[in-house]
Amino acid sequence: MKRNATLLICLFILLLAPRADAQQRFADAVGPVTIKEVTAIAPLVVPYITWGGEAALFHANGGLTTQQGTIMEEIGMNLKLVPGDDFQQQVRDYLSGKSPFLRGTFRMIAQASEAIGRDTRTKPVVFGQLTWSAGDHFVGRANIRKISDLNGKKIAIQQGGPHVGMLYDMLKTARLTKSNVQIVWVDELTGAKGPAERFRNDASIAGCFVITPDMLGLTGGAENIGTGAEGTVKGARVVVSTATLSRSIADVYACRKDFYDAYKPFVERFFAGYLKGAEEVIALKKAYESSGSAKYITLLTMMQTIYGREVLPTLEEDAHGLIADCTFVGQPGNIAFFNDPSNTITGFEGFNKAGLDMAVNWGFAKQRYALLPSDLNFNAPMFKELLTTTVDAPTQLKQQRFKKEVVRAEIETFNEDAVLDEKTLISFTIQFKANQDTFSDTEYRSEFDRVVELASKYGNAAIAIKGHSDPSRTLSVLVKSGLQSGVLKRTGSRGNYKYFMDGKSFSLEDTAALMRLIEQKKFGSANAAESPYQVMKAALKLSEQRGETVKRAIINYARRNNARIDADQIVPVGVGIKEPVIAKPTSPAEAAENRRVEFALIKVSAEAVAVSDFDF
């Protein structure tokens, strides 16, 4: 009896114990904190995290305390900068009144929304965007090539860290949910307790989220595949980077509402100083990259001192690389984020909704507590007089980000060289009828919405619209021409024919071989209207036209719905009969499966995207 009772007690304890990958409610992780007012503002405590965007703050402040002659000192600020990578501790300090600010990614703050939003005094006002990330990575093993390959896999990621929102976006891209993956939560962003080391030491983990130094250690480079030499992991590769998924990690500042209401001009002055710091860092970085800059080296040395040599061992590769991994948004980016009504997906409202969805659905919060948007006037004198690069309204924001000819040339080259699939992050299709030449958003609204969302989130990727044609007519004409010319021989009866060419078995299902023979004019004159060559080319042209038609429908749909979209990001590609689902259809239903338009999210080179000082 005692033995059975003991077993029952042990079983009960095991059932109550959280699993290693169980998600803890964020408020429970923070623990009880007595909410107090912020009383000390001279100096004002401001948290920072390990990220290149902090270079603007360090430069503007002259270090961890405000130095004479710096931007912050000249606008009357007195700051004390403190480490904030322990985000739970950041939240405790925020609630207890040690600092009025939170510094993190939008989704980090959304994870904490319940803990900080329940009391009216501490509701978070998101008052400024700093950067977009271009230097965070998901590294996968050799069997992870596309985002959809994550289904059923084990993934290592820092709990409460900046990559949770990136994982959320990737799963949404592939129409997967948190239940489709097994998350292994780790304590630190990097180092011995970080995702990279867990990935390195546990072969059952299929992928991990890492910052650039760890990515380089695992793969040897963003375009490389780990060989197992020099500390890399054999087969490891970057599957997705925020260089491509460029609208996933938005770095922001948030402020307690009671402090914001009482000290709004103070908050405005602080953020204007940060933006001025960003402008000067960009100028110093350009000077360093072109001819060298002693001031920039001083900044890199300061960052190395603040973060430590274990995080930034070298100035040129690590400290400079950390800055290069982020894209500052400046005043124009804040106009775009907070004030552009067409920025419905990657602006404040879109991030707020997605962040709260994630917080509740993933178990960080039980209830939704919305983050509040800044009502700062980014055209106030403090901004307009201090800053060099400003816009007055969203209508002045640059819309065309892609170099049209470069994007098209790359995708067409990928298609010709049969490497398009290797560059594809995700793909999905829509079917069409045999003679269909219009694509209404009434019928295809769900797919059109998905394309608009992908174009917004994957700001540095292109979307190929691959038009496909059914090969049935080409095969029919090929057989007819081949038999008439004697090039083909046939035995058997209908439904069980066997074909021969030059005395060897000839398969109508080997599409690639058939296309080569047609191109070589093996089945008669290429000039006849009913030749296999002309029919195949007609199928290609038809697929191109369908791709163009679908693109126009999507662009018109986005503009009717006041959604931001760059037409040059979307490239129609005619595939023709090249990639049939069923190579030799035997029924109308099978032929219909081949008639499709495929949307493919494609990685393109950095040269395909226009360069600008601020990315918005």
Side-chain angles (χ1 to χ4, degrees), residues 13-36 45 47-51 82-119 121-124 126 136 154-168 171 177-179 181-195 197-198 208-209 211 249 251-256 351-352 354-371:
I13 292 172
L14 286 171
L15 289 172
L16 288 179
R19 294 180 330 195
D21 66 340
Q23 175 55 56
Q24 186 177 21
R25 184 172 168 231
F26 194 91
D28 293 338
V30 170
V33 181
T34 301
I35 296 176
K36 298 178 182 178
V45 174
Y48 65 86
I49 62 176
T50 303
W51 180 235
V82 298
D85 281 329
D86 183 342
F87 190 62
Q88 292 172 1
Q89 187 59 48
Q90 253 205 74
V91 171
R92 295 184 192 104
D93 292 345
Y94 173 91
L95 294 172
S96 64
K98 292 181 180 178
S99 174
F101 293 163
L102 283 178
R103 170 68 182 92
T105 70
F106 200 106
R107 254 81 72 92
M108 287 170 66
I109 295 172
Q111 289 175 60
S113 56
E114 184 180 51
I116 60 183
R118 290 176 295 190
D119 191 292
R121 293 169 292 177
T122 60
K123 283 185 177 293
V126 179
D136 291 281
K154 190 185 291 187
I155 297 165
I157 188 170
Q158 182 198 20
Q159 183 156 338
H163 297 135
V164 177
M166 184 178 174
L167 173 59
Y168 182 83
L171 293 179
T177 67
K178 184 169 176 275
S179 64
V181 297
Q182 183 180 347
I183 298 177
V184 178
W185 298 109
V186 299
D187 294 333
E188 305 291 344
L189 179 66
T190 186
K193 296 182 180 179
E197 280 306 298
R198 194 67 177 266
C208 62
F209 285 88
I211 57 176
I249 301 182
D251 279 271
V252 296
Y253 279 120
C255 180
R256 287 174 50 135
F351 264 89
N352 203 15
L356 297 179
D357 287 346
M358 184 195 74
V360 174
N361 295 338
W362 283 26
F364 295 108
K366 291 182 178 178
Q367 298 182 50
R368 300 171 73 92
Y369 289 87
L371 282 61

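To the nearest 0.5 Å, atom CH2 of residue W185 and atom CD1 of residue I155 are 10.0 Å apart. Taking OG1 of T177 as the reference point, atom CH2 of W362 lies at 9.0 Å (rounded to 0.5 Å). Atom CG of L95 is separated from atom CZ of R118 by 8.5 Å, given to the nearest 0.5 angstrom. Rounding to the nearest 0.5 angstrom, the gap separating the CZ atom in R121 from the CD1 atom in I35 is 5.0 Å. Rounded to the nearest 0.5 angstrom, D187 CG and D86 CG are separated by 10.0 Å.
Heavy-atom minimum distance, L371 versus A110: CD1-CA, 4.2 Å. The two residues G117 and K123 make their nearest non-hydrogen contact at O-NZ, 2.9 Å.
Using a 4.5 Å heavy-atom cutoff, the side chains of L102 and Y253 are not in contact. A 4.5 Å side-chain heavy-atom check between W51 and P162 finds every atom pair outside the cut-off. Counting only heavy atoms from C-beta outward, the side chains of V360 and E114 never approach each other to under 4.5 Å. Proximity of I157 to V184: side-chain heavy atoms (C-beta onward) are nowhere separated by under 4.5 Å. Looking at heavy atoms from C-beta onward, V164 lies out of side-chain contact with F209 at the 4.5 angstrom threshold. Within the 4.5 Å cutoff, no side-chain heavy atoms of P100 are placed close to those of Y94. Counting heavy atoms from C-beta outward, I183 and K178 have side chains that approach closer than 4.5 Å. Looking at heavy atoms from C-beta onward, H163 lies out of side-chain contact with T105 at the 4.5 angstrom threshold.
For V186, the side chain to side chain contact (heavy atoms under 4.5 Å, CB included) criterion is met by Q158, P195, R198, not counting sequence neighbours. For K36, the side chain to side chain contact (heavy atoms under 4.5 Å, CB included) test picks out T34, with sequence neighbours left out. Residues satisfying the salt bridge (charged side-chain N to carboxylate O under 4.0 Å, His left out) test with E197, not counting sequence neighbours, are R200. For D85, the side chain to side chain contact (heavy atoms under 4.5 Å, CB included) criterion is met by I49, T50, not counting sequence neighbours. Legend: residues meeting salt bridge (charged side-chain N to carboxylate O under 4.0 Å, His left out) with D357, ordered by chain and number and at least two apart, are K353, R368. Among residues two or more places apart in sequence or in another chain, the side chain to side chain contact (heavy atoms under 4.5 Å, CB included) test is passed with S99 by V45, P47, F101.
Without hydrogens or angle criteria, R92 side chain to V30 main chain gives a donor-acceptor distance under 3.5 Å.
For K154, the NZ atom counts as densely surrounded, since its 6.0 Å shell holds more than 12 non-hydrogen atoms of other residues, nucleotides or ligands.
A tilted orientation is assigned to the rings of F351 and F106, their planes being inclined by 30° to 60°.
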Given F87 and I109, is the side-chain contact (heavy atoms from CB on, under 4.5 Å) satisfied, shown in steps?
-> CA-CA 9 Å; F87 190 62; I109 295 172; 4.1 Å; yes
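Between Q111 and the choices M358, R25, Q88, Q159, the side chain to side chain contact (heavy atoms under 4.5 Å, CB included) rule is met once, by M358.
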